[in-house]
Amino acid sequence: MEQRDRSTAKSAPARAKWRKSNVRPERFLIAFAVCVAIAFGLLFAPFMRPLTATFSDRLTEISGALIGAAGGRVQVEGAVLRAPSSGFAIEMKDGCNGVNVMALLWSAMLAFPASWVWKAKGVLMGTAAIQVINLVRFISLFYLGQYSIAWFDFAHLYLWENLIMADALVVFWLWVSPLLRDAGVPDAAR
Amino acid sequence: MLPGKAQRRFLLRASALLIVFLSVWYFFLQRPLRFALWAAAQAPAALMNVEVTRLPNGDWSFHIPVFDSAPEALRRAGLKPVHTLDFDVAAPNFGKFTMGLPVFWALALAAGGRGSRWRYLVWGSLMQLAIGVVCVLVCYEIYAYGILGQMRPNTTGLGAWARAYGLYMTEVVVPLAAPVITVVWLHPRFKRDILGLEEAARPAKRAKVVIRSRRATSQ
């Protein structure tokens, strides 16, 4: 066991903290809950409002640019996408910009015992993965809303949010797998 | 951080199952699950002195006792103290509190695995119902204090922030996160692959021993 630890320390210095600590599920869950409470408390803080609004505006601009590049016609006004033909418009708000799922994923990564370098890598990669899918969601909702409001409501309120949560779970699973392999958990993430 | 075979397979299965289960839930199961949620909320609501009644059109009616500001301060401001608040909530608002069930089932079945699947499916389903009940009661308790806050001129910004935060957590964050946390906590695959826990080996089933008489075996 001692030899194994030394070899993993050489091959993966960024994940070195794992060797010293084990996942204690109860402790992880409590730390995760605390991180979630703080993360959403910060999201609700007045000084964060302009930041999240700017973030939503940028995502809407990117969505508009992607639709334009694919040959679609769309008008972008701040965080609003408008179809010139039908007049249908959608606005990107807090839930639609993926910050809920990002906050949950970041909290899970911060609460998990790992080195800070590995956590930072996970946060960056996880954010990118979530936002790529979030752009697909926003663009698909823009077209779905022009087709059927009932299906738009279903996809907007329930389906896409949970699909992105499943994506976040997979990102977390991928991020955790090397840590568990280094710690010698057999069959981890085969 | 490219997805491995297990993660790819899980993501594809989970996406397909989420589309199927959430569609079935949205179009067919919402009404019976809302009724189950209301029935399950009766006992904890009674403990909180809250009355939750189901109206003929499916909406819910809440009767919630509240603690108002000090009577002296209210009298000085020319206001009467409020002891209870009554309000109705439209049925579709309870959808998010029953959504955890189809999501949990989709994720748990997508994760596959062998062994006693029914046990954690039943436990997980009961947990989703319990979390839904807690979220509904806490959410509308906060909502009641929000109404009271609007009736009082001296409401602080911090109080309004705390209510908005509490409502968001109970209405959006917990219903979204609960099925995922439950499946990670209960499913053997995620217990092993995410929490690093190994299930203890079960004792081998006792073999059925057939003792035949010497006469029978000799024949």
Side-chain angles (χ1 to χ4, degrees), chain A residues 18 22-25 28-29 32-33 36-37 39-41 43-46 94-95 100-101 103-104 107-108 112 121-122 125-126 128-129 150-151 153-155 157-180 183-190, chain B residues 1-19 21-23 25-27 30 92 95-96 99-100 102-104 106-107 110-111 157 161-162 164-169 172-181 183-185 189-198:
Chain A
W18 174 260
N22 271 323
V23 184
R24 291 176 191 149
F28 167 59
L29 193 68
F32 171 68
V36 168
F40 282 95
L43 267 179
F44 261 74
D94 273 358
N100 290 344
V101 182
L104 288 167
S107 302
F112 204 85
K121 273 186 188 172
M125 302 282 273
W151 281 99
D153 282 343
F154 166 66
L157 294 173
Y158 305 111
L159 183 61
W160 264 117
E161 199 77 353
N162 285 299
L163 285 174
I164 295 182
M165 272 303 283
D167 179 52
L169 175 60
V170 168
V171 169
F172 187 67
W173 186 0
L174 286 167
W175 178 80
V176 157
S177 298
L179 297 170
L180 293 178
V185 174
D187 300 336
R190 231 191 278 161
Chain B
M1 221 188 266
L2 286 170
K5 195 179 168 191
Q7 288 91 352
R8 254 200 327 263
R9 198 187 294 164
F10 169 76
L11 191 60
L12 286 174
R13 273 192 201 166
S15 303
L17 287 173
L18 277 170
I19 292 169
F21 283 19
L22 280 170
S23 303
W25 164 80
Y26 187 71
F27 293 106
Q30 274 210 76
K96 48 195 167 284
M99 177 188 73
V103 175
F104 169 76
L107 296 178
W161 174 86
Y165 173 71
L167 274 179
Y168 198 74
M169 292 301 277
V172 179
V173 179
V174 176
L176 183 67
V180 179
I181 296 168
V183 85
V184 169
W185 200 258
R189 163 169 254 173
F190 291 123
K191 269 184 174 176
R192 185 193 64 200
D193 285 1
I194 290 182
L195 299 177
L197 297 172
E198 268 297 300

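Naming: A, B, ... by sequence-line order, numbering from 1 per chain.
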- Query: Side chain, backbone, both or neither: which part of B:Ile181 has an atom under 4.5 Å from a heavy atom of chain A?
  - Reply: side chain

- Query: B:Leu176 versus chain A, heavy atoms under 4.5 Å apart: side chain, backbone, both or neither?
  - Reply: both

Please tell me if the side chains of [X] and [Y] come closer than 4.5 Å, counting only heavy atoms from C-beta onward.
X        : Y        : result
A:Val176 : B:Asp193 : no
B:Phe190 : A:Leu169 : yes
B:Val173 : A:Leu104 : yes

[options]: which one forms the most heavy-atom pairs within less than 4.5 Å of chain A?
options                                : value
B:Phe10, B:Tyr168, B:Trp25             : B:Tyr168
B:Val103, B:Leu107, B:Val172, B:Val183 : B:Val103
B:Ser23, B:Ala177, B:Pro179            : B:Ser23

Measure the spacing between [atom1] of [X] and [atom2] of [Y] and express it to the nearest 0.5 Å.
X        : Y        : atom1 : atom2 : answer
A:Phe112 : B:Leu195 : CZ    : CG    : 7.0 Å
B:Ile19  : A:Phe154 : CD1   : CZ    : 8.0 Å
A:Leu159 : B:Met99  : CG    : CE    : 10.5 Å

- Closest non-hydrogen atoms of A:Phe40 and B:Met169, given as atom of the first, atom of the second and distance, are CB-SD, 3.7 Å

- Message: For B:Arg189 versus A:Trp173, what's the shortest heavy-atom pair and its separation?
- Response: CD-CH2, 3.9 Å

Answer with side chain, backbone, both or neither: which region of [X] has an atom nearer than 4.5 Å to a non-hydrogen atom of chain B?
X        : result
A:Leu163 : both
A:Trp160 : neither
A:Asn100 : side chain
A:Leu29  : side chain

- Message: Below 30° counts as parallel, above 60° as perpendicular, anything between as tilted: where do the rings of A:Phe44 and B:Tyr165 land?
- Response: perpendicular

- Query: When heavy-atom pairs shorter than 4.5 Å are enumerated against chain B, which of A:Ala103, A:Ala37, A:Ala166, A:Gly95 gives the highest number?
  - Reply: A:Ala37

